[in-house]
Amino acid sequence: MKSGVGRSLGQSLDWKLVVIYLLLVLIGWLNIYASVYSSDPSSIFDWSVRSGKQFVWILTAFGLALLVLFAINPRLWEVLSPYGYLLVLVLLVAVIFLSRDVKGSHSWFEFGPIKFQPAEISKITTSLLLAAVLSRPGFHMNVRKDFLMAAAIIALPMLVIVGESETGSALVYVGFLFVLYREGLSGWFLGVIGAAIILFIVTLKTSPLVSGLVLAALLLAGLIYVLRRTRRYSRDRRFGLRLLLAGAILGGLFIVSTGFAFDHLLAEHQRLRIEVLLGIREDPAGVGYNVRQSMIAIGSGGFWGKGFLQGTQTTFGFVPEQSTDFIFCTVGEEWGFVGCLLVILLYVLLIRRIIYDAEESREAFTRIYGLCLASCLFMHLFINIGMTIGLMPVIGIPLPFLSYGGSSLWAFTLMLFIFVALHRQENKYF
Amino acid sequence: MEINRRSGKLLLGLWVVAAILVVKLFYIQIIDSRYKQDASNNSMIYDVIYPPRGIIYDRNGEILVGNKVCYDILVTPREVGPFDTLSLAAVLGVEPDFIRERMAYYRTYRRKIGFQTLPFVKQLPAETYNKFAELRYAFPGFRGQVRTIREYPFNAGGNLLGYVSEVDAAFLKKHPDEYRSGDYAGRTGLEAAREEELRGSKGYHILLRDNRGRIQSRYKGGEEDRAAVPGHDIVTTIDAPLQQYGQRLMEGKRGSLIAIEPATGEILTMVSSPGIDVDVLTEIGKHYEALVQDKNRPMFNRTVQASYPPGSVFKLINGLIGLQEGVLKPEYQYPCSKGYAYAKNHKLGCHNHRSPLNLEEAVMMSCNAYFCYVLKNLLENPAYKNTGEAFDRWRDYVLSFGFGHPLGTDVPSELGGNVPTSKFYDRHYGKGRWKFSNIVSLSIGQGEIGATPLQIANLAAIVANRGFFYTPHIVKDSDGVRIDDKFRERHYTLVDTTHFHKVIGGMWRAVNGGPGSGGTATAAAVPGLDICGKTGTAQNPHGADNSVFICFAPREHPRIAVVGYVENAGWGGSYAAPIASLLVERYLTGTIREERKPLEQRMMQTRFIP
């Protein structure tokens with residue numbers, strides 16, 4: 001860059017992030033083409049099929065990325081974060097009342113052919129505000145007021161999204177706990193939540209006796225940890241022991257009441273999906289159908305895959321939502337284990353790179369925003385791929401950068417490139 | 001590079017989760033062959049098995065609605081290879097142009113259709129399908145699918161049974177979960193009312209096909225297939241031969257003919273005329289337009305939907321209420337001078353008969369004047385504050401006879417008729433400004449009162465039972481189908497049992513009084529059957545009077561109660577009474593006596609509508 005101050009673009013931009021991004025977008029585009037190919041052997045640029053449309057989304061997404069990199073002052077994101085957050089929160093609430101019912105959920109704004117889901121943008125605004133608040137001087141995660149503030153920032157949009165019956169999208173917000181942990185939240189929190197999830201699954205899958213034993217084992221592990229890691233008579237040990245006691249009581253109640261919560265609090269389709277996932281219910285044509293077809297598609301890919309455009313499962317239309325939420329099936333079928341490995345590796349490298357860049361940053365805002373970004377990508381990656389291979393219940397969220405759809409691609413591009421811009425600005429001047 | 005300890009832990013977590021995903025992928029892509037089937041790119045297709053619908057029986061086990069097997073020819077356009085259009089047309093019995101048109105259509109919409117399988121020709125008989133099956137190899141992409149369609153061994157009860165047809169877009173929108181395009185559903189009558197029991201549930205075979213679309217084998221040897229569950233059979237209370245006989249009697253007439261077994265409330269026969277022939281039901285699509293446009297409205301189930309003035313049969317109710325209220329004694333005599341003058345220069349006419357009469361004779365000869373006195377006594381009863389209060393009490397009695405509201409039968413789309421309230425007259429004349437003379441026509445079942453033929457038939461059953469009824473119904477208990485407990489409940493009227501014999505005597509004499517006695521229904525007399533009946537002649541603003549007759553037989557322990565309601569057929573004794581009595585005779589004796597054959601002939605041959 002000739003224009004004066006700072007390092008050149010080549011030196012300041014994290015090219016690795018950009019390259020991985022481009023690779024993922026390309027892989028997504030090719031697989032979208034493959035997923036519509038057999039029923040429609042037309043050009044990949046054909047505007048009337050999804051691959052052609054995605055091409056347009058990709059080009060516009062690039063435009064968006066350039067805009068974020070070169071036209072918008074990165075400082076603005078922090079300044080504007082409270083307004084953006086509030087605006088999106090209002091949209092999230094408004095969409096409940098203004099949208100049509102799509103498979104039971106109210107989450108899409110429709111303007112003629114253009115559809116837009118505020119929940120996609122809400123991840124960005126939540127991350128920005130969280131970064132702004134947590135990076136404020138004097139913020140301490142262990143001060144109750146501060147912690148509640150952070151929790152509220154995360155919980156507010158999450159609850160509204162649950163209210164839109166988009167429980168899947170809301171699940172992504174659990175990922176922000178990782179950020180809070182990094183910023184000083186006690187590790188007990190993650191531990192307790194992890195244990196609760198294990199207990200929940202075990203309780204549903206097995207008898208109360210087994211769940212009781214698992215609870216005992218978890219408590220024992222916790223006890224050993226507390227006794228070894230904390231000093232006698234310390235505050236930490238007293239806290240740990242109290243937590244374990246509470247865990248024992250709540251866990252017991254949990255085992256007794258899980259059946260009830262499961263039967264009465266979850267919606268019918270969610271309960272079915274979880275039951276099928278856990279193998280409690282065999283249901284090949286119903287809820288399990290998606291998962292079964294998806295697993296057959298991926299499983300039939302074998303080691304090397306069937307080759308580009310050679311898939312039958314995904315292209316014959318057996319896998320529903322094959323170019324959106326189930327795009328990973330096409331990868332698995334046509335590119336095999338090798339292709340899957342490559343895609344997962346790309347994601348891991350991307351997330352890893354983001355975490356490193358974030359940690360490298362001297363600005364708390366950039367660091368925290370980066371971690372938020374990494375957490376969101378991680379949650380999408382785990383939930384989406386986990387769903388296609390039967391590790392997670394069917395939760396309709398896209399695979400970042402790969403799934404078909406303009407609003408999802410734009411949202412993730414925007415989210416990533418805000419970080420790239422923040423990172424670059426710092427690199428440019430220091 | 002050094003990194004924050006906690007971020008390091010998170011990063012470790014990332015690697016662990018990625019490893020879990022990869023291990024699971026490794027397992028399903030490489031180790032577990034279950035998900036692979038084999039190397040030849042197999043895929044699963046669900047081949048739907050349609051269940052046979054439940055059969056509908058009559059009360060004696062005769063099949064009213066059965067099933068017959070037919071075949072749909074399905075086509076998967078993507079798999080169609082070159083074939084000889086002319087020979088396919090010959091085999092399926094369709095025009096070659098039809099096939100060319102369809103193929104052109106599939107080509108035009110190939111994108112939309114993709115790999116879907118579509119119906120090509122529907123409901124082919126087995127013989128045609130067998131020809132196709134032999135030559136199937138010559139028509140790649142075409143295959144047959146078994147369906148069952150309705151078959152009607154008896155021409156009985158078309159309207160009542162209703163029809164089954166393929167679900168349309170509007171229906172699918174209303175039932176998005178239970179039905180798929182191509183399913184059949186009952187749309188009217190019993191087929192619709194009992195759809196849930198009759199339809200059964202679909203099953204499927206899971207088949208595997210290779211990458212050229214050829215079906216290879218059963219998935220897991222059929223282990224995960226689901227069998228179709230046939231629908232439950234329904235046993236109706238209908239007596240099929242009697243229903244058929246009733247339909248023949250009502251041919252060419254507009255009206256209703258209903259028979260009820262008083263001891264159970266079971267409907268033996270329910271004819272709405274003109275109705276729909278059962279042959280029309282199987283191919284309802286072809287006839288639908290004509291049926292809807294027919295001005296005699298064959299789709300309209302008069303028995304439960306038409307609201308008629310009951311006419312003179314209603315005198316029975318007024319008489320019974322009078323007895324119960326104590327304003328009438330059987331021996332009371334009232335004069336009749338060819339009518340009843342209820343106001344200056346206003347007279348409600350009556351026919352020529354001797355005078356004065358007591359209650360039994362008034363029922364027998366259907367004297368209008370007598371029942372005007374009865375209603376007058378009721379409404380001017382000093383026990384009540386005013387006419388309005390007396391009227392509302394009268395109305396309570398009438399409602400207890402099942403009038404003025406739907407009976408709650410299981411015959412679909414039942415309506416309730418109408419019994420006016422005192423408020424209605426208050427609105428019309430002003431509060432307290434009306435009296436008996438304003439509503440004198442109610443004495444003889446005319447005026448503001450309306451009843452369905454089923455309600456009138458139920459009246460016959462009530463009198464036969466001496467004061468109670470079971471809600472009339474057409475479905476009986478059988479394996480797998482339980483009827484509602486409400487059909488086992490006796491409903492008592494507000495009139496005591498002891499009063500009924502006083503009008504029944506008159507009903508017996510109306511039929512069995514012999515010629516010259518003045519009885520109004522002597523044409524209905526059958527020696528030995530002890531038929532008790534009451535005629536009615538209801539005014540019809542569109543043409544001649546309606547001919548009405550209710551009866552039951554035998555007098556003691558009645559086995560059948562009947563209403564005949566024939567529109568524009570004149571007075572009650574002319575058509576309704578003979579028709580109803582023929583139905584009774586046929587039911588009780590199984591045949592028609594020689595001397596009544598000419599009457600039967602005349603009834604069957606008379607036509608009031610083309």
Quick one: list whatever passes ring pair (Phe, Tyr, Trp, His ring centres under 6.0 Å) with B/Phe171, sequence neighbours left out.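 So B/Phe171 forms a ring pair (Phe, Tyr, Trp, His ring centres under 6.0 Å) with B/His175, B/Tyr179.
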Nearest 0.5 Å please: distance from the [atom1] atom of [X] over to the [atom2] atom of [Y].
X	Y	atom1	atom2	result
B/Leu14	A/Ser375	CG	OG	10.0 Å
A/Arg367	B/Ser7	CZ	OG	8.0 Å
A/Ile344	B/Ile20	CD1	CD1	11.5 Å
A/Arg182	B/Lys9	CZ	NZ	12.5 Å
A/Ile389	B/Tyr27	CD1	OH	12.5 Å

Sidechain-backbone polar pair: B/Gln29 side chain, A/Gly332 backbone, donor-acceptor under 3.5 Å: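 Yes: the side chain of B/Gln29 pairs with the backbone of A/Gly332.
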Examine whether an atom of B/Val17 lies under 4.5 Å from a heavy atom of chain A, and if so say whether it belongs to the side chain, the backbone or both; otherwise answer neither.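 Just its side chain gets close to chain A.
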Tell me, for B/Leu10 versus chain A, whether the close heavy atoms (under 4.5 Å) come from the side chain, the backbone, both or neither.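 When you check distances to chain A, only side chain atoms of B/Leu10 fall under 4.5 Å.
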For A/Leu190, check side-chain contact (heavy atoms from CB on, under 4.5 Å) against everything at least two apart and list the hits.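 For A/Leu190 the side-chain contact (heavy atoms from CB on, under 4.5 Å) partners, ignoring immediate neighbours, are A/Leu177, A/Phe178, A/Tyr181.
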Any non-hydrogen side-chain atom of B/Val22 less than 4.5 Å from a side-chain atom of A/Phe337?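 Yes, side chains in contact.
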Within a strict 4.5 Å, meaning less than it, do heavy atoms of the B/Lys24 and A/Met295 side chains meet?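 Yes, at least one pair of side-chain atoms sits under 4.5 Å.
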Exceeds 12 heavy-atom contacts within 6.0 angstrom, atom OH of A/Tyr225: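 Result for OH/A/Tyr225: open.
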Verify side-chain contact (heavy atoms from CB on, under 4.5 Å) between B/Leu11 and A/Tyr356, making sure each step is shown before the conclusion. CA-CA 10 Å; B/Leu11 215 45; A/Tyr356 271 94; 3.6 Å; yes
Any idea which heavy atoms bring B/Leu25 and A/Cys340 closest together, and the distance?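 Closest approach of B/Leu25 to A/Cys340: CD1-CB, 3.6 Å.
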With a 4.5 angstrom heavy-atom cut-off, could you sort out which part of A/Leu185 is near chain B: side chain, backbone, both or neither?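 Just the backbone, heavy atoms under 4.5 Å.
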